[in-house]
Asks: 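Next up is a structure, given as structure tokens.
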Amino acid sequence: MNKTAIYQQETICAPATPQGTGAIAVIRVSGADAIAVAGRVFKGRNLAEADSHTVHFGTLRDGDRIVDEVLVTLFRSPRSFTKEDSVEISCHGSDFIVREILKLLVRNGARLAAPGEFTQRAFLNGQFDLVQAEAVADLIAADSEASHRTALNQLRGGFSRQLSGLRAQLIHFASLVELELDFGEEDVEFAGRDDLKQLILDLKAVVSPLIESFDFGNAMKEGVPVAIIGSPNVGKSTLLNVLLNEEKAIVTSIAGTTRDVIEDTLVLGGVKFRIIDTAGIRETSDVVESMGIERSRRAMEKADVVIFLFDSEDTFRELEGLAEGLDSKKKVVWVRNKVDLISPLPRAAPGSTDRPQFTGIADKVLEDKSKAVGDMAVIPALRISAATGLGIPELRETLLDAVQQTPGSRTVVTNMRHYEHLLRTREALDAVLDGLGMGVTGDFLAQDIRLALHHLGEITGAIVTDDLLDNIFSKFCIGK
């Protein structure tokens, strides 16, 4: 019997609420003896006779000593999260009380649960598949509307249904190809090669958008990195402060004040952004400043969105060379700062919604909304004053628009493990297509089809090992 099967026979307990003093805390107990273990320490209704999904008031006792007054909620198998008999104890939220109750449960036959063990049992007992189990952790960690929405879609099985449908179609053809191998000497063909080729093309048409969605999905989950890039004293730190609405970065008139990367998070329209203020990029002999500038370049390369901030023709030209070397997939926002210092400040006519028009080389370039630097599409440029707040609402809207161009597929991949197996699936499908093109025999086709099935199965948990489960669920919090 494997390790996982042995652990499943034991009754486990753990706090389901975070550590720290609060009004209440919840302690979970799950396993074949969960009701019996709780019943040994609970004074009130006889839990062994109580119906599922009922709540009972009473006391928890260590001998004659009352530990706490509690509410005990009963869930009988299979109508529980783990599909096992389960009990949830709602007690007062003192760390001392929680510890005393856990000690009491352990002395009466339970053991402390490992991280994620409740969810792992739910998966092993068929409550949901591995994608949905991982979505539980993502849902708990969600700190923006977008990450919450993505995790909830996966928890409800959207991604799983898509993969299961793909796998079912592939299994059908795999069985036909395998059947051909049993009649190898008779030269029969059960799996039509044209039909198989069309199926593989259809599968790739689904898998490829899922792969392409990963960068977007990961950004939604972790936060979209936005780097503010520019020369010294163009107002990068001031812009960071006004976007965050707090004095996060030191602002002075001395060039090179910011010597390291400063980062904080901002939520706009339900999307989390990681705004990164960087050291001003320029030629310098200062060793410390040079290190900061190198970190600025690395932050720019890793960012999904780059704000190129300038305040004059000279600082604009310095950025053009940087932009040409960037990955064309990055979203670039050109922003002219300090427009309040232009004298006289051009103004739109009263009642007009038109933005002020400026002159100069940089402004003429920015007026061309379709202009690109290299192969990179440029988002319509903005003119702001970080010091006065002019144009900041438009900049926030632009940042949101830059990342809300969601992939065509409704399902978004957010998990690196899923991404890796989808890549391997596509490689196996490509190998099947190559084999069909070269007219290889069914045994070679079957090998590549089985490989694609394996990787799809690894994602959903149709193919699973103890080591994989330990790796996934060890990252969960205790009590989940």
Side-chain angles (χ1 to χ4, degrees), residues 4 115-116 119-120 123-124 128-142 146-147 150-155 157-171 174 199-225 301-304 327 329-330 406-435 447-476:
T4 300
T119 308
Q120 182 175 348
F123 161 70
L124 292 170
F128 37 60
D129 66 23
L130 201 52
V131 171
Q132 292 170 292
E134 290 171 297
V136 171
D138 290 342
L139 192 61
I140 293 171
S147 57
T150 300
L152 195 58
N153 179 53
Q154 293 192 358
L155 182 61
F159 185 30
S160 300
R161 284 191 296 271
Q162 201 165 7
L163 293 183
S164 296
L166 295 177
R167 198 163 183 269
Q169 295 177 67
L170 203 53
I171 286 174
L199 173 62
I200 299 301
L201 291 173
D202 291 343
L203 294 179
K204 282 192 62 181
V206 176
V207 169
S208 292
L210 290 174
I211 293 171
E212 297 303 320
S213 75
F214 176 70
D215 287 341
F216 174 83
N218 190 57
M220 293 298 99
K221 179 179 175 181
E222 304 294 337
V224 181
E301 291 170 358
K302 294 179 180 178
D304 289 343
D327 187 326
K329 292 182 180 179
K330 290 187 187 296
T406 57
S409 171
R410 182 185 175 191
T411 302
V412 177
V413 176
T414 61
N415 186 300
M416 176 60 79
R417 189 182 72 84
H418 303 166
Y419 173 74
E420 179 182 0
H421 284 296
L422 286 169
L423 280 177
R424 301 294 173 262
T425 299
R426 187 167 65 179
E427 290 172 0
L429 295 177
D430 285 337
V432 175
L433 287 177
D434 291 342
Q447 182 177 343
D448 291 323
I449 292 174
R450 282 195 295 267
L451 188 57
L453 285 171
H454 172 83
H455 287 295
L456 287 174
E458 284 261 19
I459 297 174
T460 62
I463 299 171
V464 71
T465 64
D466 282 349
D467 288 341
L468 173 64
L469 294 182
D470 288 345
N471 181 57
I472 291 173
F473 291 106
S474 66
K475 300 171 185 173
F476 280 52

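Values below: every heavy atom of this structure, side chains too, minus hydrogens, waters and symmetry copies.
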Asks: For the pair T119 (side chain) and A133 (backbone), establish whether a donor and an acceptor sit closer than 3.5 Å, ignoring hydrogens and angles.
Replies: no
Asks: At what distance, to the nearest 0.5 angstrom, does CG of L139 lie from CD of E134?
Replies: 13.5 Å
Asks: Any sub-3.5 Å donor-acceptor pair from Q132's side-chain atoms to D129's backbone N or O?
Replies: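 Yes; judged by distance alone, with no hydrogens or angles, the pair exists.
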Asks: Looking only at atom types and distance, does a side-chain atom of R426 sit under 3.5 Å from a main-chain N or O of K204, one as donor and one as acceptor?
Replies: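 No; zero donor-acceptor contacts below 3.5 Å.
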Asks: One thing to verify: whether R424 and E458 come together as a salt bridge, which I'm taking to mean a side-chain N less than 4.0 angstrom from a carboxylate O.
Replies: no
Asks: So which heavy atom on V224 is nearest to which on D304, and how close?
Replies: CG1-CB, 4.0 Å
Asks: Going by the side-chain contact (heavy atoms from CB on, under 4.5 Å) test, name the single residue among L201, L451, L166, L203 that passes it with L429.
Replies: L203
Asks: Could you tell me whether the side chain of L163 reaches within less than 4.5 Å of the side chain of L422, counting heavy atoms only?
Replies: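 Result yes, sub-4.5 Å side-chain heavy-atom pair found.
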Asks: Do E427 and H455 have side-chain atoms, one donor and one acceptor, less than 3.5 Å apart?
Replies: no
Asks: May I ask you to test the I449-L170 pair for a side-chain heavy-atom distance under 4.5 Å?
Replies: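 Of all side-chain heavy-atom pairs linking L170 with I449, at least one is under 4.5 Å.
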Asks: Indicate the atoms forming the closest heavy-atom contact of I200 with L433, along with that distance.
Replies: CG2-CG, 3.5 Å
Asks: Kindly give the heavy-atom pair with the smallest separation between L453 and R167, and that separation in Å.
Replies: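 That would be O-NE, 3.1 Å.
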Asks: Which atoms form the tightest heavy-atom contact between D448 and A428, and what is the distance?
Replies: O-CB, 3.6 Å
Asks: Nearest 0.5 Å, what's the CD1-CZ distance between I459 and R417?
Replies: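 It comes to 7.0 Å.
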Asks: What is the minimum heavy-atom distance between F128 and V136, and which atoms define it?
Replies: CZ-CG2, 4.3 Å
Asks: Nearest heavy-atom pair of K302 and P225: which atoms, and what distance?
Replies: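 It is O-CG, 3.9 Å.
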